[in-house]
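Let me begin by presenting the structure, written as structure tokens, before commenting on it.
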There are 2 protein chains.
Amino acid sequence: MKKKLPRKTVERLSEYRRTLINYLDSGRDYIFSHELADMHNNTAVQVRRDIMLIGYSGVQRRGYKVKELIRAIGKVLDDPRGQNVAIVGVGHLGTAILHYLKGKRPALHLKALFDIDKEKTGREINGIPCYPVEELAARVREHKIGIAILTVPMEVARETTALLVEAGVRGLMNFTTVPLDVPEDVFLEEYDLITSLEKVAYFVRI
Amino acid sequence: MKKKLPRKTVERLSEYRRTLINYLDSGRDYIFSHELADMHNNTAVQVRRDIMLIGYSGVQRRGYKVKELIRAIGKVLDDPRGQNVAIVGVGHLGTAILHYLKGKRPALHLKALFDIDKEKTGREINGIPCYPVEELAARVREHKIGIAILTVPMEVARETTALLVEAGVRGLMNFTTVPLDVPEDVFLEEYDLITSLEKVAYFVRI
DNA sequence: AGGGTTTTGTTTAATAATTAACAATTAAAT
DNA sequence: ATTTAATTGTTAATTATTAAACAAAACCCT
């Protein structure tokens, strides 16, 4: 890939795209930077800067062409060949994410679920095959899964992570409360509910 | 409150505390900055700086006294009188969060759940009363709820937010895919699964 | 007791992210 | 056709965050 975009810019681009896709329904072909900004509680300058960084240009006095901008963001965020994803642990959270993802991002292919519960494994849930964790390594390789969403109980978080990394997973979203240890070249995104909630609690008081 | 801590520091303090609480089991009374750092994939300097910012001091050559450090972090993160929280929308995600939170942070009091489903309302779920959304404003005031976790379907996200803010909620965690509009003085934390996943997908490829 | 080593606390430097400033362009108005 | 207002694209300044550097204290060893 070309040069790395700032982390925050990547986040915002994803958010812009989502908003823009909904915006298509409005019937308007163009959108101004300040409109997009208002929809995300940030500034027009920030929006323009982000868009500048991906090399897309709007037209002055008219704004950005919505469809083109969606495509331009896709060119940066999406792998043209798609990326395969698995959810490891199909409890409440795993199930929620499963529904959430369903049909949302065409470039991200949810290929497999894993669980220990024999009730859940050996069949499809919501159209996605659910395998027993014993098959984890083999199935990750089979489906060429590069990204895993970890929603297992905390007791098994670390060992499961080791298995995943060993099997070739390069990106991890950790929903457990256990800090994980991964090699340099594995991208780890911590996603801790309690931390976020405590952050909100702190800034509400300050 | 005293001076505002950096956002990132607040996040890390929350993570440190969680780790430290688990660390109590190890039987060791002290912990070094580099040990805490290793557990969080960051550096010893960062840990020391964070701890410095909350005004706690370790002892040289021995590290930080675990129990004291936990208390010191609590003094910064926790409101001594506690803060009341509600989950709005008891679907898979809401339920997951409900279980997740259960008994985890004593300073955060989960006081109420809200849903439209008559199956769920009018009783307690996991020990927390679940009210119909019609009672939202009244119950928020009754329980003095300052923080809301928004896990409703996207169609009703914005109107629900308006109700919450109107009723006095000062902090919001938004799990929906809808960008929300809140007044200046309401702290809004966006928590979008797809954005995070796309971020992982991007940095895995780069 | 004294020298060497470890680890903290703090200051300074570097990097990343945001905001401000403003030139350039274009559409609309007269 | 000229002016005016609106809007983008980009550079420069500011602020926030992370990392480096190093002095000071405390322990250990002989």
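We name chains A, B, ... by the order of the sequence lines, and we start the count at 1 in each one.
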How close or far is atom [atom2] of [N] from atom [atom1] of [X], stated in whole angstroms?
X	N	atom1	atom2	value
B/L13	D/dT17	CG	P	13 Å
A/E11	C/dT18	CD	C1'	14 Å
A/L36	D/dT8	CG	P	10 Å
A/D50	C/dA16	CG	P	16 Å
A/Y64	C/dT25	OH	C1'	13 Å
B/I54	C/dG9	CD1	C1'	14 Å
A/K4	C/dT15	NZ	P	15 Å
B/R7	D/dT15	CZ	P	18 Å

So, does A/H143 use its side chain to make a donor-acceptor pair with the main chain of A/A112 at under 3.5 Å?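 Checking the backbone N and O of A/A112 against the side chain of A/H143, no donor-acceptor pair under 3.5 Å is found.
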
Name the closest nucleotide to the [X] side chain, picking from [options].
X	options	result
A/K8	C/dA17, D/dA26, C/dT11	C/dA17
B/H34	C/dG9, C/dT7, C/dA21	C/dT7
A/R12	C/dT8, D/dT17, C/dT18	C/dT18
B/R62	C/dT11, C/dA21, D/dC27	D/dC27
A/R49	D/dT8, C/dT7, C/dT19	C/dT19
B/Q60	C/dT25, D/dG9, D/dA26	D/dA26

Base, sugar-phosphate alone, or nothing: which one does B/S57 contact when heavy atoms must sit under 4.0 Å apart? sugar-phosphate

Is there a side-chain polar atom (N or O) of B/R48 under 4.0 Å from OP1 or OP2 of C/dT8? yes

Is A/S33 close enough to D/dT8 that one of its side-chain N or O atoms is under 4.0 Å from OP1 or OP2 there?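 Affirmative; the distance criterion is met.
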
Starting at the 5' end of DNA chain C, which residue's closest nucleotide do you reach first, A/R61 or A/N42?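 The residue mapped nearer the 5' terminus is A/N42.
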
State whether the number of non-hydrogen atoms from other residues, nucleotides or ligands found under 6.0 Å of A/I116 atom CD1 is greater than 12. no

Inspect the surroundings of CD in A/E166 and state if more than 12 heavy atoms from other residues, nucleotides or ligands are less than 6.0 Å away.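 Open.
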
Plane angle bin for A/H92 and B/H92 - parallel if under 30°, tilted between 30 and 60°, otherwise perpendicular: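 Tilted: the ring planes of B/H92 and A/H92 meet at 30° to 60°.
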
Would B/E189 and B/R7 pass as an ion pair if we require N to O under 4.0 Å? yes

